[in-house]
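Down below is the structure, laid out as structure tokens.
Just so you know, these numbers use all the heavy atoms, side chains as well, and skip hydrogens, waters and symmetry mates.
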Amino acid sequence: MIYRAKRAALLLLAVCVLLQAGCAGRAEAQTNSSRVNGFSQGSNVVNAVEGGIQIQTALPVFSGFSAAEELNEKIREISDNGLAEVKQAEKELGNSAAQGHLFFQSYYDLFWDNDVLSVWIMNENYTGGAHGYRWVKSFNVNIQTGEFYETPGALLKDAQAGTKKITDTILADIKKRPDFYFPEAAKTVEEKHGAYSYYLDGKDLVVYFDLYELMPYAGGMPEFRFPLDDLDLKFRMGNNPDRQNVRDNGMDMEFKNPVVVNDGGVFLPLEETAGALIHTVKKTDAGYTVDGKSVKPTMIDGAAYMPVDYFNTLGENGPIPGFVVYDGKTLRIFTQTAQSDDESRSAGLNSVGSEIYLNSAPGGTSSEVSWKKRMCYIKSYDEKTGTVTLDPIEWITSEDKSRIQELKLDGDFPDGYYIYNPTVETEKIKLSENAKISLIQWNAQNVAESDVQTDAAGLGKRLAEDGALSFPYEYTVSDGKIIALREQYVP
């Protein structure tokens with residue numbers, strides 16, 4: 001097969017790659033020092049009806065750093081309290097019109113940048129009345145020290161000056177758009193004295209306010225984004241690419257087919273979404289089946305789609321709990337992961353969690369080898385020994401201004417990237433036994449359709465194909481072995 005097609009280049013969320021293997025029980029990755037260079041994150045998911053309440057909860061479960069259990073407990077408390085409130089309302093409402101419409105939903109998003117992990121829990125309930133209620137709670141923790149950073153100022157070299165900059169920006173928007181805010185909004189902001197709720201999301205620090213704090217319910221929960229590059233931080237942060245609009249258990253992923261919103265509602269691509277929810281989709285001469293059952297999708301631009309509610313029903317009735325949430329911009333997909341190795345074996349779940357690897361070097365300094373340099377060309381693969389001979393390269397995008405200037409490149413990248421490989425320097429690394437290997441799937445017309453998971457044998461078969469060695473690969477090494485390898489399409 002000769003590879004040719006046009007598909008947008010895939011970039012990682014951050015300095016990390018997921019390891020979908022059952023090794024999440026390790027308390028700490030082994031290094032030459034006591035520093036934590038990785039941690040584990042799984043998901044505990046419920047999608048069920050209890051009594052008259054629809055419950056959808058997806059809570060992250062962390063391990064591998066000192067503050068993990070404290071963080072887990074704080075998150076569980078949010079969910080427990082929120083659900084208790086709805087159950088109390090169910091008792092008080094009795095047979096009122098609200099019965100049968102009560103619900104509680106709690107799910108998460110996360111981001112990490114060097115040593116700082118940011119997690120925010122999004123909650124919504126309906127306990128009767130004209131509408132439901134939404135709220136967010138966030139946590140920002142240093143996985144090395146276990147310190148929780150309660151306010152944005154805790155991340156800044158000059159907390160007073162940096163907090164004033166944030167406050168001034170918020171007050172300026174209130175002054176500019178007075179019709180959007182309550183008359184007392186400016187006073188509410190000033191009285192916080194910088195004790196803002198916030199989280200880290202990609203390149204931004206996001207300050208947010210609760211419903212009714214600054215504006216009426218219809219205005220929602222106002223957010224203010226501050227680029228990390230514009231803040232004088234204590235840590236080197238803000239080196240990650242923009243986030244994707246699809247996230248699987250908090251991790252960025254890419255769909256070939258977009259979410260579609262039309263007069264009929266919200267539609268999600270069938271094969272990709274059901275696959276992420278760990279269901280089997282097959283295309284037959286008669287149409288499509290999901291887990292062996294026939295479905296009648298809506299065809300949009302040649303792809304099969306189903307309404308968003310279908311996938312929540314699918315995740316409710318399936319052997320592995322899951323659900324999806326679409327907020328008009330981001331599609332979030334959640335599926336249950338095993339909470340122990342025994343559960344992984346008995347329940348057939350893929351893994352205990354996902355092993356996340358940071359770009360923090362031992363000794364307290366941040367490594368200069370970032371995610372952009374964890375790319376390579378594969379020169380050869382020895383199937384007998386499981387050894388990959390690779391040539392490391394650097395993947396540079398048009399947004400990497402400092403690197404472009406350092407290398408004296410013109411910065412005009414027609415396809416949005418530049419592969420920097422001034423010399424061929426090979427090294428040999430073995431594949432780990434449970435390495436996660438992702439390859440591009442090509443159709444009969446040699447057009448890239450999607451990514452497929454394979455094993456070492458599948459990798460050997462692919463690399464034997466004509467032209468396969470001309471494509472770069474993204475790789476991650478742990479304990480001297482490759483734990484993840486992904487074929488990178490180049491336009």
Within a strict 4.5 Å, meaning less than it, do heavy atoms of the [X] and [Y] side chains meet?
X    : Y    : result
L270 : V290 : yes
L409 : Y418 : yes
Q244 : F255 : no
P152 : F226 : no
I143 : W112 : no
Y288 : V281 : yes
D252 : F111 : no
F224 : I166 : no

Go through the steps to decide whether E85 and Y133 satisfy the test side-chain hydrogen bond (donor to acceptor under 3.5 Å, both in side chains), and finish with yes or no. CA-CA 12 Å; E85 182 181 352; Y133 187 77; over 6 Å; no
Could you tell me if [Y] and [X] have a donor-acceptor pair between their side chains, going purely by distance under 3.5 Å?
X    : Y    : value
Y305 : N257 : no
Y417 : Q488 : no
Y198 : S118 : no

Under 4.0 Å between a Lys/Arg side-chain N and an Asp/Glu carboxylate O for [X] and [Y]?
X    : Y    : value
E90  : K87  : no
D327 : R134 : no
K74  : E77  : no

Looking at every heavy atom in both [X] and [Y], which two are closest together, and how far apart are they?
X    : Y    : result
K137 : N123 : N-ND2, 4.5 Å
P222 : L214 : CG-CD1, 4.1 Å
Y377 : I393 : CD1-CG2, 3.6 Å
P258 : P269 : O-CD, 3.9 Å
P178 : K175 : CD-O, 3.4 Å
F323 : A58  : CZ-CB, 3.7 Å

What residue among V259, N262, V261 forms side-chain contact (heavy atoms from CB on, under 4.5 Å) with F267? N262
For the side chain of [X] and the backbone of [Y], is there at least one donor-acceptor N/O pair under 3.5 Å apart?
X    : Y    : answer
N312 : V324 : yes
Q105 : Q56  : no
T284 : A286 : yes
T337 : S43  : yes
N72  : F62  : yes

Residues that Y107 engages under ring-ring contact (aromatic ring centres under 6.0 Å, His included), provided they are two or more places apart: F334
Tell me which pairs pass salt bridge (Lys or Arg N to Asp or Glu O under 4.0 Å) where either residue lies in residues 211-227, with sequence neighbours left out. K192-E213, D201-R225, D204-R225
Does NZ or CZ of R403 lie under 6.0 Å from the centre of the six-membered ring of Y420, at an angle within 45° of the ring axis? yes
Between F235 and Y149 (judged by ring centroids, cut-off 6.0 Å), do the two rings come close enough to count as a pair? yes
To the nearest 0.5 Å, atom CD1 of I53 lies from atom CG of N125 at 10.0 Å
